[in-house]
Amino acid sequence: MNREITIRLADVAKSFGETKALKKCDFEAHAGEVHAIVGENGSGKSTMAKIMSGVLHPDSGTVSILGEKVNSPIDAKKIGLTTIFQEVLVADEASVFENLFVGRDGVFKSQSGGGDRRAEANEILTRLVGKSVDLDQMVGGLPLSIKQWIVIARAMLRRPRVLILDESSAALDLDSTIRLHEEIDRLRREGATVLIVTHRIAELVRIADRATILRDGVTVGTLQKHEITEENLLSMMTPPDRRASDVKEYASKNRAIAEVSVMTAKNMVAQRTSAPFDFDLPKGSIVGVAGLDGQGQDAFVRALVGIMRPFGGDVLVRSAETGKMVEIATLEDAASAGISYVSGDRKREGIFPQQSIFENLAIGVYRKNLGPMGIIRKPTLKPMFKREVDRLRIKIGSPSNKITSLSGGNQQKVLIGRAFANDPQVIVLNDPARGVDLGTKRDLYRELRAFVEKGGSVIYLSSEIEEFIGFADRVDVFFAGRLFRSLSGDHIAEEPILAAMFGKSENASVEFDLERSA
Amino acid sequence: MMSVSALRQITHDRSLFVPAGLFVVLLVAVALRGHGLFTNNGLAGAILVATPLILTALAITPIVMAGRGAVDLSVGPLLGFINVTLITWLVGNGITNPVAIIGWAVGLGAVFQLIQALVIIYVRVAPIIVTLSGFLVLSGLNLMVMSRPGGVAPDWMLTWGAGTSVFSPVLLLLVAAYALWGVLRSTMFYRNLRMTGADERMAYTSGVQVDVIRIIAHVVGGAFAGLAALSYTALISSGDPTQGSTYTLQAVTALVLGGASLSGGRGGALGSTLGAINMFLISYLLSTFNFGTVSGFVTQMAFGLILIGSLLVNVFVISRRSVA
Amino acid sequence: DGVDQLPASEKKIYEVVDPQIPLGASAYKNFKPKKGPPWKIGYASSYAGNTWRAAALDAVMNDLLPRSKVAGLVSEVVVTQSDLKDAVQIQQMRQMVDDGVDAIIICCSNVTALNQTIEYAYKAGVPVFSFSGYVTSPYAINGAANHAQGGGEMATWLAEKIGKKGNVLLVSGIPGFASSDSFDKAAKEALAKYPDIKIVGEVAGKWTDQVAQVEVQKFLATNPTPVDGILTQGAQENGVLNAMLQSGRDMIPITLGGEASAACYWRNNPDWVDASFHIWPPRREMQQMWEIMLRTLQGQGPKVQSFLRPVLPYTIDDVRAAIPENCDLNSTDFVEPTADGWFPAAVADQYFEHPADPWKAATK
Amino acid sequence: MVTTVMNSEISEIGRSNALRTHKSIWIGFALLACLLALGALLVPGFVSSQNARSILLLAAFLGLASVGQTLCALVGALDLSIPYIIGGANILLPSLMVAGLPAPVAMAVVLVLGALVGAANGALSFKLQGQALIMSLGVGFAAVGAVQIYTSLGSQFGGTVFAPVPVWLRNLSAFNGKFFGLPFPPVIVIWAVVAVMLGWLMYNTWFGRSIYAIGGSRTAAARLGISEFKVWTVIHSASGAMSAITGMLLLGFSGGGFVGVGDPYLFTTVAAVVIGGTSLLGGAGGYGATVLGVLVLTVLTSLLVGLGLGFPAQQAVVGLLIVPMVAIYARTPHIRNQI
Ligand SMILES: Nc1ncnc2c1ncn2[C@@H]1O[C@H](COP(=O)(O)OP(=O)(O)OP(=O)(O)O)[C@@H](O)[C@H]1O
Ligand SMILES: Nc1ncnc2c1ncn2[C@@H]1O[C@H](COP(=O)(O)OP(=O)(O)OP(=O)(O)O)[C@@H](O)[C@H]1O
Ligand SMILES: [Mg+2]
Ligand SMILES: [Mg+2]
């Protein structure tokens with residue numbers, strides 16, 4: 001294997017005002033390796049990636065990529081470094097084709113590298129997405145996963161010598177992740193250096209050759225492939241004082257599920273052409289929702305909370321007061337029936353970036369505290385805020401600081417707090433742990449468990465199978481736009497869930513090889 | 001040959017559907033009203049009167065396309081500033097050499113826009129605020145340079161405003177602007193500009209030199225503003241400190257009527273031209289009716305309604321595209 | 001040539017004039033219209049927002065046009081309004097020419113901006129008449145009061161009235177418009193002759209009472225300095241008067257043009273001022289222009305480029321005769337000279353090579 | 001695991017927080033103080049009740065006209081119909097009174113029409129968010145054109161309408177107006193009441209919070225069941241109503257209807273909003289900030305007039321002031337920091 005050192009960071013530090021994002025960062029990566037960067041939310045991974053890409057300049061320390069200094073994305077382009085940033089950067093008003101080749105040329109001159117760009121684009125997109133994509137359509141109307149693919153394809157088309165992926169699999173489903181891994185593997189074989197930032201431990205174990213761990217802006221060590229285990233990672237990522245916790249604190253006690261259902265859907269059609277199905281949510285249970293991307297589970301969850309109308313069928317929920325089933329057609333119906341919704345896409349659907357932490361949490365309950373003329377009764381809000389912050393162990397400074405002063409994970413907790421604060425009877429979560437670190441995830445699981453134990457009910461959509469195991473009471477797997485199979489008890493395990501996700505019958509073995517990409 | 005590629009553009013880019021449709025409707029309406037637009041003199045006059053607006057709309061096109069909600073409010077007063085300085089400082093001091101005059105107009109426009117671009121990029125204040133500031137400063141300066149309309153354009157320019165021949169120097173200004181734009185369009189600059197406007201962060205991280213692109217967009221816009229000022233000076237053969245300012249909202253309106261998006265990324269010279277011509281045609285059409293004493297008011301109201309209507313239709317055409 | 005051809009009595013009017021005003025021979029001395037009467041006339045006004053313009057337009061539509069129709073002289077008047085935008089006015093005038101009008105009257109315009117368009121009209125055989133304000137084009141015929149003389153006389157009157165010393169506020173019309181600039185220029189020159197008089201401020205009233213009122217109010221409010229007299233152009237003096245009344249200051253002399261509203265205040269307070277001036281009576285000026293136009297179209301051959309009328313002073317007695325005692329302080333009307341008092345036919349005849357009665361019915 | 005950090009008191013959440021986090025407020029106050037000090041030093045008669053009264057009176061008109069602009073800016077819109085609605089109201093009111101409507105009825109009609117035009121503007125602008133600027137202009141043109149046609153029919157009025165202005169209306173907004181015998185025009189009090197009420201409502205009502213929510217994140221607001229369409233419509237409607245009120249009050253000031261009275265408010269309202277510190281992109285700022293912006297603008301103008309500068313120079317100075325003001329408190333982060 002080629003052992004040439006392609007990336008070297010020595011003693012790099014970077015602050016944003018008061019915040020020391022990176023304190024002492026030392027890092028090396030070789031040609032021909034996949035090197036993971038791991039750490040809790042806010043530990044500085046993205047900052048590190050941005051410094052290597054030339055987007056940010058370090059305050060001190062040296063950075064050398066392929067022997068060069070990189071001061072801007074233009075420098076990066078010149079030496080063959082490409083970064084896929086954590087945020088999916090596409091231009092909605094431009095065509096797929098334009099999005100793929102943006103930045104490839106000079107200000108005036110075309111950098112014609114020979115070859116037919118369209119053919120090349122077609123080929124790579126077909127390979128990545130798994131089906132062909134119209135290059136001339138506007139990107140704006142495409143689903144997030146396709147946008148993510150476009151960004152990945154844009155990087156791959158440049159045949160990078162160094163590729164950095166910052167949580168690029170977060171918006172991809174399992175099947176897609178495997179295709180991504182194939183690409184990464186190919187690059188590795190061609191001698192490129194690939195850095196991946198991810199919170200998905202399983203993914204990391206599968207593909208990384210080495211992993212460097214960041215803790216509070218300091219690189220605390222590098223693990224070789226055989227050392228990459230959940231325990232090792234956790235013990236290095238978390239500061240010593242936070243380690244001694246009960247990992248299974250949140251675990252399901254495998255209780256029998258109650259008979260009463262709080263929510264039902266009859267003859268629901270989630271996608272325009274798919275078959276109708278029924279759904280019910282038993283009181284006091286956690287129901288997981290799984291499925292490959294675009295199999296209808298997302299539309300289903302949105303229909304449950306009234307964000308969109310299903311193509312057919314009704315959603316009914318048991319009214320907390322009367323005990324009767326009432327229909328949900330709009331967000332207001334859902335809200336007044338005591339259904340709270342938490343989106344995983346917090347940047348777009350969750351936070352109000354210019355507002356304070358307090359406002360971000362409290363805005364969810366204003367509606368319930370209105371006096372005459374829509375005047376908000378404020379006195380009740382402060383205790384509520386304190387309760388939620390304590391409950392979720394949200395790490396905040398002053399409540400009047402802006403929400404953006406929190407790390408992504410803590411922002412997510414504020415949003416979950418917003419959902420809890422309404423005293424809902426059902427919480428619907430749409431991939432809430434996307435890009436959230438392990439510790440935060442566990443806080444979340446524990447609280448949801450506590451919530452159902454007090455009689456609440458939870459619908460939990462996730463793109464990571466691991467999340468369900470030992471946590472969900474039932475997992476509903478979607479395939480071809482409908483609820484394909486409900487799994488419970490011992491069936492809540494990786495193999496059966498995967499099988500269902502691929503539309504296989506219960507006993508068939510899962511054909512594709514998880515280790516194929518390793 | 002220009003019309004062929006224009007036609008292809010119209011059929012390709014749906015944001016041009018509405019302006020092109022409105023253009024046809026207005027042409028037919030004007031023709032039905034049976035007035036003299038389609039004569040040599042009629043066309044010559046139309047070119048003479050419409051060119052300042054067309055060029056001003058062109059002047060803000062690259063700037064708006066560069067994104068950040070960069071509606072350039074200052075362009076009208078800039079037109080006025082070039083006009084009054086040309087008349088007072090140059091002609092007033094006996095400098096009437098065409099090269100000097102044209103150079104001054106184009107150069108001043110470009111330099112002013114360069115300054116605005118540098119403030120937008122390096123002081124990092126939102127463009128609409130920078131150009132609002134430019135609007136106020138230049139509106140004030142114009143009156144300080146020339147407190148009231150007056151002066152005369154250089155002799156060689158006097159004939160420009162006659163408007164008796166379709167192939168006049170004013171048309172040449174227009175052609176020059178299209179030539180410059182055409183050259184830019186054929187390079188990668190146009191695509192870079194579009195991408196910068198559509199999503200600047202994407203463009204930046206992908207290695208587009210967004211600052212350079214923005215500066216060029218402004219400078220080109222400034223040069224167009226210079227050409228617009230020349231055509232305006234030719235139209236009124238004199239200097240006027242206040243009337244230039246009225247071109248700001250007219251140009252922005254023309255741009256929007258032409259299907260461009262004020263939030264960047266979408267737009268082009270063809271659309272802006274169509275938008276400006278449509279505005280001219282609307283006012284032409286309305287003056288063929290004799291509304292008598294209320295004519296000004298009817299014109300204003302009708303103009304407002306046409307604006308609303310065509311914007312609404314535009315929304316449907318464009319939104320249908322993104323759904324499809 | 002030009003003014004030199006006029007009799008001495010008329011030449012006198014041209015002694016104090018705006019230096020820019022063209023005084024040469026008219027380009028229409030030997031003009032013959034494209035076709036005989038009835039003619040189609042275009043009226044390209046630059047603005048419609050004040051009472052003065054309303055009165056002028058009213059004179060056309062309800063007096064001059066009907067009379068001309070009866071006489072078979074004019075068939076139609078096309079009216080446009082450009083909202084003070086030169087480009088729009090240019091286009092409207094060109095459109096009128098292309099649509100075959102026989103003459104165009106423009107109102108109160110920019111001194112130079114329309115020159116090319118006027119030449120365009122001239123070449124198409126359409127004479128352009130600039131009403132109440134001149135343009136510098138040799139191809140136009142200007143007709144108005146001598147605003148420079150008016151500015152001078154009103155300024156002198158005010159200076160004498162306030163005892164040759166003190167602070168004066170100048171309220172001009174629309175800067176850049178011929179009549180406004182002529183007035184201001186001459187007024188300032190006249191005041192400069194009084195060393196103890198100081199112009200403490202200049203605001204633009206846009207010949208609109210409301211604008212003048214707001215501008216003067218703002219000035220008075222933000223300037224604690226005493227003001228001893230206000231020199232304002234016509235068609236806005238009532239606004240100035242109201243601003244003074246509102247300010248709570250003591251009343252001071254204000255120059256009066258012909259607004260009936262301000263005249264009404266004068267009628268009720270006869271000791272306030274002692275003279276007033278017909279400086280631009282809208283109906284009379286329009287009639288003057290209209291008759292010049294008819295005569296030109298009839299081939300009478302105007303001798304001069306600019307027809308100026310002297311500014312006529314009038315007194316409280318004229319006011320008493322013109323408006324009743326219970327007059328309206330908000331009137332939108334004007335006190336004007338009598339129909340024949342402004343541009344008498346006998347005087348008009350002296351301005352033409354082949355004078356004749358313009359109102360004589362056309363013989364087919 | 002994560003330790004709870006909750007040391008700071010959860011108090012003073014509302015307005016004081018805004019004060020602390022909004023640098024612009026402090027800068028605005030400092031600038032205002034500087035201008036007042038400069039005026040006191042340089043301009044004789046600057047510190048006088050007469051001058052204070054006139055500054056406040058002119059500020060009140062601008063302040064009332066800027067209410068709608070502030071609300072619109074908070075959701076990221078600009079309302080360019082304001083000057084036209086002001087002008088329209090200013091001539092419609094007297095012409096309705098000439099037509100025989102009692103003043104209160106006429107005022108109610110104008111107010112309702114203003115609100116309706118505003119609502120139409122909001123509904124249409126919402127459909128075209130990117131082009132809202134031009135949409136509002138179109139609505140303004142259409143509205144003022146229609147009003148002028150109405151006022152011209154059967155009369156020779158157009159841009160100007162003359163009618164006796166009721167004494168009480170004149171008293172409301174004239175320089176020599178009296179407020180219960182006190183020597184200042186009541187419109188100043190009206191403005192103060194509007195400002196305080198609006199400030200309070202924005203922080204303490206669901207609707208007020210909804211405006212900020214939409215300005216901050218449209219999608220997140222939608223998830224909370226906030227109807228963006230409704231908010232846009234109501235805000236623009238309020239803007240139309242406030243413009244109509246301003247137009248009617250200006251009638252008392254100028255003594256007669258004139259459609260052009262609104263013209264100065266086209267860009268000055270935007271300038272006041274910007275100088276105050278409300279982001280034109282939405283979500284941050286408020287009417288309190290605009291009040292400061294209005295005062296800064298008016299005091300500055302008065303100072304410049306006092307120093308003998310003409311209108312052109314005043315305009316240029318205000319223009320020159322805007323960029324440094326905004327640069328101090330609202331620089332957009334470098335693109336490097338936006339990724
Ligand atoms: N542009 C910025 N301005 C201010 N502070 C910043 C900025 N970017 C990052 N930070 C700070 O730097 C720290 C590290 O952020 P970074 O984005 O590198 O974390 P991360 O490891 O990528 O976290 P995550 O897992 O949530 O993506 C954060 O705690 C944050 O407070
Ligand atoms: N412009 C900024 N100003 C201040 N802080 C910032 C800025 N951008 C990012 N940060 C901080 O950086 C940290 C992480 O940044 P990042 O953008 O990676 O967060 P995220 O994507 O929301 O988190 P994650 O995806 O890891 O959950 C956060 O603490 C955030 O507060
Ligand atoms: Mg990150
Ligand atoms: Mg992050």
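First the proteins, then the strands, lettered A, B, ... as listed; each starts at 1.
- Only the side chain of B:Phe135 has a heavy atom closer than 4.5 Å to any heavy atom of chain D.
- Between chain D and the residues B:Val298, B:Leu307, B:Val137, the most heavy-atom pairs under 4.5 angstrom are made by B:Val137.
- With rounding to the nearest 0.5 Å, the separation of NZ in D:Lys127 from CD1 in B:Ile308 is 14.5 Å.
- Neither the backbone nor the side chain of B:Ala302 comes within contact range of chain D; no heavy atoms are under 4.5 Å apart.
- Of all heavy-atom pairs between D:Pro312 and B:Met144, the closest is CB-CG, 3.8 Å.
- Counting heavy atoms from C-beta on, the side chains of B:Val252 and D:Leu137 never come closer than 4.5 Å.
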Where do B:Val71 and D:Leu78 land on the side-chain contact (heavy atoms from CB on, under 4.5 Å) test, with the steps shown first? CA-CA 12 Å; B:Val71 188; D:Leu78 272 189; over 6 Å; no

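- Only the side chain of D:Val274 comes within contact range of chain B, judged by heavy atoms closer than 4.5 Å.
- Chain D forms the most heavy-atom pairs under 4.5 Å with one residue out of B:Ile128, B:Leu143, B:Asp211, and that residue is B:Leu143.
- Neither the backbone nor the side chain of D:Leu281 comes within less than 4.5 Å of any heavy atom of chain B.
- Contact annotation: the side chain of B:Val256 never approaches that of D:Leu133 to less than 4.5 Å [non-hydrogen atoms, C-beta and beyond].
- For B:Leu73, the part lying under 4.5 angstrom from a heavy atom of chain D is the side chain only.
- When all heavy atoms are compared, the tightest approach of B:Gly304 to D:Phe141 is CA-CB, 3.8 Å.
- No donor-acceptor pair closer than 3.5 Å links the side chain of B:Arg201 to the backbone N or O of D:Ile335.
- Both the backbone and the side chain of D:Ile134 come within contact range of chain B, with heavy atoms under 4.5 Å apart.
- Scanning all heavy atoms of the two residues, the minimum distance from B:Gly140 to D:Gln315 falls at N-OE1, 3.6 Å.
- With hydrogens and angles disregarded, no donor-acceptor distance shorter than 3.5 Å links the side chain of B:Arg124 to the backbone of D:Ala327.
- Note on ring orientation: taking the six-membered ring where Trp is involved, the planes of B:Tyr204 and D:His334 are perpendicular (angle over 60°, cut-offs 30° and 60°).
- With chain B as the partner, the residue from D:Leu124, D:Val317, D:Leu266 showing the most heavy-atom pairs under 4.5 Å is D:Leu124.
- Here B:Leu132 is the residue among B:Leu305, B:Leu132, B:Asn142, B:Leu257 with the most heavy-atom pairs under 4.5 Å with chain D.
- Your options are B:Val130, B:Ile306, B:Leu312, and the one with the most heavy-atom pairs under 4.5 Å with chain D is B:Leu312.
- Counting all heavy atoms, side chain and backbone alike, B:Ser133 lies closest to D:Gly319 at OG-O, 2.7 Å.
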